[in-house]
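What follows is a single structure, written as C-alpha cells, with notes after it.
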Amino acid sequence: QLESELTGLGNRMNDQIVKLQSEKEDREKLLEEIQERSNIVKLDSTMFSDVSKEVRIFLPEIKALRIGYSLFTDFQNGQQELPIVIASWEDPDEEKKEQLRTYLKNSYKLDTLVLLIE
C-alpha cells in the first residue's frame, strides 16, 4: 500500500512538473511576442518619420499627418486591420490626394488605405 501511495505521489509530482514547464514555455512565447510588437512599433515610428519628411517635401501644404490602423469586422471575415491616414490639408485637389495615397501605399506596401482630409 505504501508503494502505491508513493507511486501516486510521484505521478502527481511529475504531472505538476510538466504543467509548470508548459506554463514557463507559454510565458516565454508571450514575452517573445511582446518584444516583436515592440520592435514593430519602433520600426513603424522610424518609417513614419522618414515618410512624413518626404511628404513634407513634395506636398508642403499639408499641415499635419496621422497614420494608424483601425480594427474592424464585417461579421463574416473576422477581425481585420484597415490603414487610415488623416491629413490636415486645406482644400487639396483630387490629383494631389491621389499622389499622397499612392505614395503612402507604396511606402508602406499596402493594397488598401483610407485617406481622410480635415
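Note that this is a predicted model, so its numbers are computed, not measured. The first residue of the sequence shown is numbered 1, and numbering continues consecutively from there. Scope of the values below: all heavy atoms of this structure, side chains included, with no hydrogens, waters or symmetry mates.
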Test S107 against every option in V55, V51, T102, I67 by the side chain to side chain contact (heavy atoms under 4.5 Å, CB included) rule and name the one that passes.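 Single pass found, and it is V51.
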[X] [atom1] to [Y] [atom2] distance, which is reported to the nearest 0.5 Å:
| X | Y | atom1 | atom2 | value |
| --- | --- | --- | --- | --- |
| K96 | E61 | NZ | CD | 4.0 Å |
| I62 | S52 | CD1 | OG | 10.5 Å |
| N11 | Q16 | CG | CD | 13.0 Å |
| D50 | E54 | CG | CD | 7.0 Å |
| L113 | N106 | CG | CG | 10.5 Å |
| L100 | L115 | CG | CG | 5.5 Å |

Is E90 atom CD crowded by more than 12 heavy atoms from other residues, nucleotides or ligands, each under 6.0 Å away? no
For D26, look at atom CG and say whether over 12 heavy atoms of other residues, nucleotides or ligands are found less than 6.0 Å away.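 Above 12, so yes.
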Do [X] and [Y] come within less than 4.5 Å of each other through their side chains, counting heavy atoms only?
| X | Y | value |
| --- | --- | --- |
| I84 | L116 | yes |
| T112 | L82 | yes |
| Q21 | I17 | yes |
| L59 | W89 | yes |
| E118 | R66 | yes |

In terms of hydrophobic clustering (I, L, V, M, F, W, Y; side-chain heavy atoms under 4.5 Å; direct or indirect links), are I117 and F58 co-clustered? yes
Do the side chains of K105 and E98 get close enough for a salt bridge, i.e. N-O under 4.0 angstrom?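 The answer is no: the pair does not qualify as a salt bridge.
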Reference residue K97; test side chain to side chain donor-acceptor pair (under 3.5 Å); the match among E95, Q99, E94: E94
Within the distance-only criterion (no hydrogens, no angle test), does the side chain of D74 pair as donor or acceptor with the backbone N or O of N77 below 3.5 angstrom? yes
Using a 3.5 Å distance criterion without hydrogens, assess whether the side chain of T7 forms a donor-acceptor pair with backbone atoms of E3. yes
Could you walk me through whether L110 and L104 pass the side chain to side chain contact (heavy atoms under 4.5 Å, CB included) check? CA-CA 8 Å; L110 300 170; L104 292 172; over 6 Å; no
Minimum heavy-atom distance between F48 and Y108, given as atom pair plus value: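 Here F48 and Y108 meet closest at CA-OH, 3.3 Å.
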